[in-house]
Amino acid sequence: MRVLFMCTANSCRSILSEAMFNHLAREGFEAVSAGSFPKGQVLPRSLTTLQQAGIAIDGLYSKGNDAFEGNPPDIVITVCDKAAGETCPVYFGPAIKCHWGLEDPSDVSGDEAAVDAAFRATLAIIERRCATFLGLPFKSLSRIELQRELDRIGSL
């Protein structure tokens, strides 16, 4: 199963989600990420936060959703409010789409400790959601039931 995490810039929340999902995923599951308007670079603090959590950062880069035109995902999860209102491209075809909104930790102002805490808190939410997702009984869920579960997970 291929999951696409989408955000606007693909520099923070979607990158954190891709890396965490792949860190937790078992064989047969893969996450990728993209931005509707990619920034072209990953925020250094996103990478630092992942490294501090012991999560690999190899291969993470900011890219647009056109990178998946030839290999569409099974599920598209938007993780920021701006991307939630955008239409997923047609070539995502029958992909299940849901929204797991996250506040942008890069918008937090304050000292280094406050910003670091915001990034760690965001990563903790992502971890909880990804772990819940990966624990679903996929073989026994219909498409409609999976959609409901994904929507529920977005509120955790």
Side-chain angles (χ1 to χ4, degrees), residues 1-26 28-68 72-89 92 95-136 138 146-156:
M1 177 176 294
R2 191 161 202 229
V3 178
L4 171 62
F5 288 98
M6 280 197 70
C7 202
T8 304
N10 190 220
S11 64
C12 184
R13 291 164 286 183
S14 54
I15 292 286
L16 294 172
S17 298
E18 173 187 1
M20 178 58 79
F21 187 96
N22 287 331
H23 179 73
L24 298 174
R26 60 188 182 271
F29 288 84
E30 174 198 23
V32 292
S33 67
S36 49
F37 298 97
K39 190 172 192 169
Q41 66 181 22
V42 177
L43 290 176
R45 194 176 300 266
S46 296
L47 299 175
T48 301
T49 301
L50 290 167
Q51 287 176 314
Q52 290 171 347
I55 299 170
I57 62 168
D58 302 338
L60 295 175
Y61 67 100
S62 178
K63 59 208 154 295
N65 53 29
D66 57 340
F68 307 102
D74 300 298
I75 297 173
V76 177
I77 301 172
T78 54
V79 292
C80 66
D81 293 334
K82 292 177 186 171
E86 296 173 6
T87 303
C88 286
F92 288 159
I96 295 173
K97 298 162 188 84
C98 66
H99 180 64
W100 291 359
L102 295 164
E103 292 182 26
D104 190 347
S106 67
D107 286 344
V108 171
S109 57
D111 61 16
E112 289 295 308
V115 176
D116 283 342
F119 271 80
R120 284 192 310 275
T122 299
L123 190 61
I125 293 168
I126 293 167
E127 180 177 21
R128 183 172 60 246
R129 290 176 180 177
C130 288
T132 303
F133 173 99
L134 291 164
L136 292 174
F138 291 96
L146 179 56
Q147 178 74 62
R148 267 187 252 150
E149 286 298 311
L150 291 171
D151 291 341
R152 179 186 64 79
I153 291 168
S155 65
L156 298 177

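- Remark: of the listed residues Pro105, Cys12, Ser14, Cys12 is the sole one forming a side-chain contact (heavy atoms from CB on, under 4.5 Å) with Ser46.
- Contact between Ile57 and Leu47 at its shortest, heavy atoms only, is CG2-O, 3.8 Å.
- A donor-acceptor pair is defined here as one N or O able to donate and one able to accept, closer than 3.5 Å; such a pair exists between the side chain of Lys97 and the backbone of Ala95.
- Side-chain contact between Met6 and Val79: absent, with no pair of heavy atoms (C-beta onward) separated by less than 4.5 Å.
- Taking all atoms of both residues into account, the shortest heavy-atom contact from Phe5 to Ala31 is CE1-CB, 3.8 Å.
- Here the rule is side-chain contact (heavy atoms from CB on, under 4.5 Å) with Arg13, and of Asp104, Leu43, Leu123 only Asp104 fits it.
- In plain terms, the two heavy atoms of Leu24 and Cys130 that are nearest each other are CD1-CB, 3.9 Å.
- The two residues Tyr61 and Asn10 come nearest to each other via the heavy atoms O-OD1, 3.4 Å.
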- Between Leu4 and Ile77, does a side chain to side chain contact (heavy atoms under 4.5 Å, CB included) hold up when you go through it step by step? CA-CA 6 Å; Leu4 171 62; Ile77 301 172; over 6 Å; no

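- At least one side-chain heavy atom of Gln147 sits under 4.5 Å from a side-chain heavy atom of Cys98.
- In this structure, His99 contributes its side chain and Thr78 its backbone to a donor-acceptor pair below 3.5 Å.
- With contacts defined as side-chain heavy-atom distances shorter than 4.5 Å, the pair Ile75/Leu150 qualifies.
- Nearest heavy atoms, Leu136 versus Ile153: CD1-CD1, 4.0 Å.
- A 4.5 Å side-chain heavy-atom check between Val3 and Phe29 finds every atom pair outside the cut-off.
- Screening residues 108-133 for ring-ring contact (aromatic ring centres under 6.0 Å, His included) gives Phe21-Phe133, Phe133-Phe138 as the qualifying pairs, with residues at least two apart or on separate chains.
- In this view, Lys63 and Glu18 satisfy the salt bridge (Lys or Arg N to Asp or Glu O under 4.0 Å) rule, not counting sequence neighbours.
- Considering only heavy atoms from C-beta on, Val32 stays 4.5 Å or farther from Asn22 through its side chain.
- For residues 114-136, every residue pair satisfying the side chain to side chain donor-acceptor pair (under 3.5 Å) rule, not counting sequence neighbours, is listed here: Arg45-Asp116.
- The backbone N or O of Gly40 lies less than 3.5 Å from a partner atom in the side chain of Ser62, making a donor-acceptor pair.
- Closest heavy-atom contact between Ser36 and Asn65: CA-ND2, 4.2 Å.
- The neighbour count for Glu103 CD, taken as heavy atoms of other residues, nucleotides or ligands under 6.0 Å away, does not exceed 12.
- The side-chain heavy atoms of Leu16 and Met20, taken from C-beta on, include no pair separated by under 4.5 Å.
- Rounding to the nearest 0.5 Å gives a distance of 9.5 Å between SG of Cys7 and CD1 of Ile15.
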